[in-house]
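One structure is given here, and the rest of the page talks about it.
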2 protein chains.
Amino acid sequence: MERTSTPCGDERTQRHTRQLLRRVGDTWSLVLVSQLVGGPMRFTELLRAVDGISHRMLTQTLRSLERDGLVSRTAYPETPPRVEYALTPLGQTFLGSLTGLVVWGEDTQAEVEEHRSRFDADRH
Amino acid sequence: MERTSTPCGDERTQRHTRQLLRRVGDTWSLVLVSQLVGGPMRFTELLRAVDGISHRMLTQTLRSLERDGLVSRTAYPETPPRVEYALTPLGQTFLGSLTGLVVWGEDTQAEVEEHRSRFDADRH
DNA sequence: CAGCATCCAGTACGATACTG
DNA sequence: CAGTATCGTACTGGATGCTG
């Protein structure tokens with residue numbers, strides 16, 4: 001029973017959370033996971049659906065998500081080859097856990113923007 | 001009323017959330033904010049308290065948090081100069097919004113680790 | 001003490017070309 | 001179609017030294 005009402009937790013938890021944020025705070029992980037909510041998608045589908053992503057980053061990010069068990073990869077032995085990516089249950093719970101942050105971002109976005117403008121203005 | 005039960009939201013929300021994650025997913029922001037939960041701290045106090053942070057990154061990260069309005073900076077016109085950093089109300093609500101993610105990280109950490117090992121092992 | 005400027009290594013990312 | 005390899009660039013973060 002600690003006095004902490006905020007999720008700072010012990011040092012170990014902090015380290016984990018920081019690593020998690022770094023891991024997931026890259027350019028494309030979140031977009032891809034969000035994109036896959038609608039159901040499985042193929043490589044090229046994703047490439048077209050996600051605006052601005054490069055071939056290379058799509059491969060890399062999918063690999064990384066697959067490695068962590070958030071996304072599953074299914075290859076069908078056909079010609080031409082077909083590979084489908086889908087959200088795993090783990091990936092779905094992950095998206096759910098973001099709710100708090102997403103809501104906070106929506107709620108405070110204007111306020112943060114305001115702070116930034118003011119700060120930048122004051123600095124000459 | 002959309003079919004989305006997960007916080008993927010519209011494209012605008014997605015972009016905001018991604019930017020938020022990037023902004024906050026750097027090496028030190030989260031550690032600093034967590035550290036300040038206990039109350040205001042001085043520059044050198046933070047430098048000592050946060051293990052591994054460099055002088056430069058402390059300045060930079062504090063600036064950036066101040067800019068976003070998550071942290072307040074109070075300079076006392078004394079000699080030697082004294083500056084105290086504290087969490088703003090906005091900063092506190094931010095920490096609160098992380099609860100879901102922190103819990104998810106704790107709950108699934110072992111599972112994710114397991115996935116990684118297995119993945120790395122399979123890749124010969 | 002608090003903060004800034006400079007320099008440097010590591011990495012993230014994009015463009016492109018090539019393989020099964 | 002899906003994936004790998006190579007290259008160039010831009011940014012991030014650490015070490016260090018200077019200023020008020």
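Residue B/M41 comes nearest to B/L46 through the heavy atom pair SD-CD2, 3.8 Å, listed as atom of the first residue, atom of the second, then distance.
B/S29 pairs in a side chain to side chain contact (heavy atoms under 4.5 Å, CB included) with only one of the listed residues (B/L65, B/V71, B/L62, B/L70), which is B/L65. With A/T99 as reference, A/V103 is the one residue of A/V102, A/L95, A/V103 to meet the side chain to side chain contact (heavy atoms under 4.5 Å, CB included) rule.
Applying the salt bridge (Lys or Arg N to Asp or Glu O under 4.0 Å) test to every pair with at least one member in residues 81-102 of chain B, sequence neighbours left out, gives these pairs: B/E78-B/R82, B/R82-B/E84.
Taking 4.0 angstrom as the limit, B/R63 places a side-chain polar atom (N or O) nearer than this to OP1 or OP2 of C/dG3.
Here the C1' atom of nucleotide C/dC4 and the CG atom of B/L58 are 13 Å apart, to the nearest Å. We find that CG of B/L46 is positioned 10 Å from P of C/dG3, with the value rounded to whole Å. Distance CG (B/L62) to P (C/dC1): 16 Å, rounded to an integer number of Å.
Considering only side-chain atoms of A/T59, the nucleotide from D/dC1, D/dG3, C/dG3 that sits closest is D/dG3. Of all nucleotides listed (C/dG3, D/dG3, D/dC1), D/dG3 comes nearest to the side chain of A/F43.
Looking at heavy-atom distances under 4.0 Å, B/Y85 makes contact with sugar-phosphate atoms alone, never a base.
Within 6.0 Å of atom CZ in A/R116, more than 12 heavy atoms from other residues, nucleotides or ligands are found, so the atom counts as buried in its surroundings.
In this structure, a donor-acceptor pair under 3.5 Å is present between the side chains of B/R23 and B/S64.
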Per-nucleotide protein contact string for nucleotides 6-20 of chain D, where B marks a base within reach and S marks sugar-phosphate only (heavy atoms under 4.0 Å, - for neither): B------BBB----B

